[in-house]
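Input: a single structure, listed below in structure tokens.
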Amino acid sequence: MRALLPALSLSVSVLLALFPPAGRAADAPLSEVVRETAAPAAVTGLQARDYLDNNDRGDKIELSWCLSADDGAGALSVLEYRVWRSQAPDEQGELVATLEPGTAAHVDTGVTPGVAYYYRVEAFDGALSSPAATAGPAVGRINLFQTSRLPVLVLSLAFFAMVIWFTRLAARGTNLFVRRIPGLNAVEEAVGRATEMGRPVLYVPGIGEIDDIQTIASLTILSHVAKIAAEYETPLIVPTARSVVMSAAEEVVKEAYAEAGHPDNYNPDNIRYLSDAQFAFAGAVSGIMMRERPAANLYLGAFWAESLLFAETGFETKAIQVAGTANVSQLPFFVTACDYTLLGEELYAASAYLSREPKLLGGLKGSDWMKVITICIIVAGVVLTALGVPQFGRWFFTQ
Amino acid sequence: MRREIPLAITFLAGMFMLVDFFVPHHRVSAAGEELKQWGTIVIAASILLGIGNLIRVHSKKIARRQSGWGFSLVCLSVMAVMLWFGMWPGAKLGPNPLVGSIAQGSYFNWMYLNMDVPLQGTMFSLLAFFIASAAYRAFRLRSPEASLLLISAIVVMLGRVPLGQLLTKGLPEKATLPWLTEAIMTYPNMAAFRGILMGAALGVMAMGLRIILGIERSYLGGEK
């Protein structure tokens, strides 16, 4: 029996060398495998600070650190990081998290708001822990301002101030120049053409819900189109994919007919709810185009894959087509298949452009000046970053 | 008052959502979420208005035997069948609730998967033909801009298929079609894309401000 023990010990050593435990490099020398007295290198740069999210309850503290030198490298592979939390700097405290190797950040979600906490982070290799890195005190607070959104607030306030200033200027009678938008000039022409041909006008306000700003922009244009159609006594068909949009469109068209002095010409059956399903709606609108042959098709609002189905069907029926959307991916289809296209911002400018109301034109001028400022900021950011001053650009990073 | 009350509600709701964006306090966030849920409930409930409109418009068409009234009849019949299979309370065939249920395995679900989905898929697949006809018109050499579009399109289309790689194999990297495709998509295309996007974003902000402040009100019906 005595002779067996050294032989068994030798066999275990050899087996350990050939089949090392998980987490160790298979080709690690035997001397390093059996060395269990050295702990892994400690993490460095541990920081603890209040974590600010969009639903801030003051109950989170964010930790970040640099990985241990033995994490993924070195002889002693780190198997996990252990995060300890205490209310005194010299206490070990409570283990609040064990994290995978390669993790260099953690959000501790169990803290009490207003209480100061100290943190210790250790790298653990399965046998020994590294010396702890410490940080603190850190306090979780209920914040009243999302600091990462400061640039958004500053630029928004500047923008709003400009819009209000130009609106006041316009209200005082200052003439504000607005460039010509051919697509909007074509709206009246399109309705006129439909009148001459004795055929209806088709107005599709997109498939967006009422909470989509493009849909609201479209309804403001619908008001103008309905007024022109009412004056020309031309039927206006408005198919909708959302029932709330249908209700709003009914109201808008009805009021426009009343304002134009032709309330009797308003036909509620021309404001139609078709389907919420995207391609069922596309099929139904295409059917209206083929059966009722509108002479003018206006597609203004939020569109997705159905845009080309509409535009190509309309092209087949030889209708004059004006389209507009802020969904950039659909613009090429409209540009290709329609006679006129409103690109992005022109959709939002339409209401002001068509009504020429000074108050609305002020908003357009404000947008134009904000664009100038945006261009200046982009150029300054590019130049400064290229010159090795990235702070300016970084200030605009937001969450 | 007919206008003032909606405008006041718009102002208050709009300002609150602005505050919600900048203030992370959990009570503000919770109220913001609540407000969004109200919106969702209102929108969901409004489907009844849509159904009412659908029934009214198509019933009139059928009653007056207007052109295409047969399609209206099909539309209303199909809607009635789907409603019955999806909602009729207590109607059960066998041990499983195959009627009055929208669960997997129910008749409603079967009709949805085997009728509605293929029909929508058919409409979607028509896009392939429409893209071909639209591309044919767009790429005709009518003007310098159209020529530029044609050349760019050829480069991009070829650069994204193995044939493009084969055609320019052996050339310096910056003369190969895949590299040119990437360059076109990353620089001129992306620059135009972002330009439009930024303009649209400012348009949204201006429009939002006009609506919140009550300057823009034609979406409520009329302008006065």
Could you check whether [X] pairs with [Y] (Lys NZ or Arg NE/NH1/NH2 to Asp/Glu carboxylate O, under 4.0 Å)?
X      : Y      : value
B:E145 : B:R140 : no
B:R137 : A:E312 : yes
A:K254 : A:E251 : no

Non-hydrogen atoms of chain B under 4.5 Å away: do they reach the side chain of [X], the backbone, both or neither?
X      : answer
A:R291 : side chain
A:I271 : backbone
A:Y257 : neither
A:L342 : neither
A:E346 : neither
A:S218 : neither
A:D276 : side chain
A:M246 : side chain
A:T336 : both

| Lys NZ or Arg CZ of A:R149 over B:F21 ring: under 6.0 Å, within 45° |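 The answer is yes; both the distance and angle limits are met.
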| query | When only heavy atoms count and the cut-off is under 4.5 Å, which of residues 68-79 of chain B reach chain A? | reply |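 B:F71, listed by number.
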| field | Residues of residues 51-60 of chain B within contact distance of chain A, non-hydrogen under 4.5 Å | value |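 Listed by number: B:I51, B:N53, B:L54, B:R56, B:V57, B:K60.
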| said: With a 6.0 Å cut-off (strictly less than), is the heavy-atom count around CZ of A:F160, excluding the residue itself, greater than 12? | reply: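 Yes, enclosed.
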Counting only heavy atoms closer than 4.5 Å, note whether [X] contacts chain A via side chain, backbone, both or neither.
X      : answer
B:I211 : side chain
B:M205 : both
B:I47  : both
B:I131 : both

| Ring-ring centroid check A:F310 A:F334, cutoff 6.0 Å |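 No, the ring of A:F310 stays outside the 6.0 Å limit from the ring of A:F334, centre to centre.
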